[in-house]
Chemist: 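Dumping the structure here so I can ask a few things about it.
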Amino acid sequence: MSDQNNFSERVWQIIAAIPAGKVTTYGDVAQLAGSPRAARQVGGVLRRLPEGSKLPWFRVINRHGRISLQGDDLFRQRDALEAEGIEVSDAGEIELEKYRWQI
DNA sequence: CATTTGACAAACA
DNA sequence: GTGTTTGCCAAAT
């Protein structure tokens, strides 16, 4: 397989590999994608996901163990995580040490 | 091709 | 602990 995959495609692959009940950070995904300083672009990729995508985008949070989204999107991500058994506070905080995905 | 935009992160105050 | 500034870089315009 080609190693010239786009950044987006690598991000998709990595996120698809996150097991249910676990979370990871934008920075970690960027690092696994081969661009350790491209954490923002990971968010950019997820933001631009096609509607219908089955990618578990909700398993990606920021380095402070917090959901980066706001408004309705925040609630949707929180509900999706809680549905997998992940405890999320009303403020959108998650215990990273407990739920963090490591290879 | 040039400029703008940001689902981030680290450094700083 | 919080708020601000700076660096970063792929994608969109």
Side-chain angles (χ1 to χ4, degrees):
Chain A
M1 312 326 268
S2 169
D3 57 348
Q4 304 216 353
N5 290 341
N6 293 326
F7 179 77
S8 317
E9 295 181 358
R10 291 196 300 252
V11 169
W12 295 341
Q13 281 277 21
I14 292 160
I15 293 178
I18 306 173
K22 293 287 181 182
V23 297
T24 191
T25 66
Y26 297 98
D28 283 355
V29 175
Q31 185 174 18
L32 291 172
S35 298
R37 308 293 169 191
R40 281 183 98 159
Q41 283 54 252
V42 174
V45 170
L46 297 184
R47 184 183 170 222
R48 279 270 177 203
L49 279 181
E51 269 189 44
S53 172
K54 300 170 181 63
L55 215 66
W57 56 269
F58 49 84
R59 293 180 190 144
V60 186
I61 60 180
N62 67 29
R63 206 178 188 286
H64 302 294
R66 194 160 174 179
I67 292 175
S68 293
L69 298 178
Q70 295 182 359
D72 291 339
D73 289 334
L74 166 60
F75 294 112
R76 281 199 270 111
Q77 182 167 8
R78 189 193 62 188
D79 291 345
L81 292 173
E82 288 180 337
E84 296 187 338
I86 297 174
E87 302 171 73
V88 186
S89 76
D90 291 339
E93 300 168 346
I94 297 160
E95 296 176 42
L96 256 183
E97 293 184 357
K98 185 173 179 181
Y99 295 108
R100 186 172 188 136
W101 171 56
Q102 306 176 173
I103 301 180

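Chain identifiers are assigned alphabetically (A, B, ...) following the order of the sequence lines, protein sequences preceding nucleic acid strands; residue numbering begins at 1 within each chain. Heavy-atom basis, side chains included; hydrogens, waters and symmetry copies ignored.
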Chemist: Output one letter per nucleotide in nucleotides 7-13 of chain B: B when a protein non-hydrogen atom lies under 4.0 Å from the base, S when only the sugar-phosphate is that close, - when neither is.
Modeler: BBSS---
Chemist: If I compare all heavy atoms of A:S35 with all of A:R10, which pair ends up nearest, and what's the gap?
Modeler: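 Heavy atoms only, the tightest pair is OG-NH2, 4.5 Å.
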Chemist: Just wondering, do A:V42 and A:F7 contact through their side chains at under 4.5 Å, heavy atoms?
Modeler: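 Yes, their side chains come closer than 4.5 Å.
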Chemist: Calculate the interatomic distance between A:W12 atom CH2 and C:dA10 atom P; express it in whole Å.
Modeler: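 So the CH2-P distance, A:W12 to C:dA10, works out to 16 Å.
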Chemist: With a 4.5 Å cut-off on side-chain heavy atoms, are A:D79 and A:R76 touching?
Modeler: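 No - every pair of side-chain heavy atoms lies 4.5 Å or more apart.
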Chemist: Quick one: are A:L49 and A:W12 in side-chain contact, heavy atoms under 4.5 Å?
Modeler: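 A side-chain contact under 4.5 Å exists here.
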Chemist: Do any side-chain nitrogens or oxygens of A:S8 fall under 4.0 Å of OP1 or OP2 in C:dA11?
Modeler: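 Looking at the OP1 and OP2 atoms of C:dA11, one of them is under 4.0 Å from a side-chain N or O of A:S8.
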Chemist: Are more than 12 heavy atoms, taken from residues, nucleotides or ligands other than A:Q13, located less than 6.0 Å from that residue's CD atom?
Modeler: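 Open.
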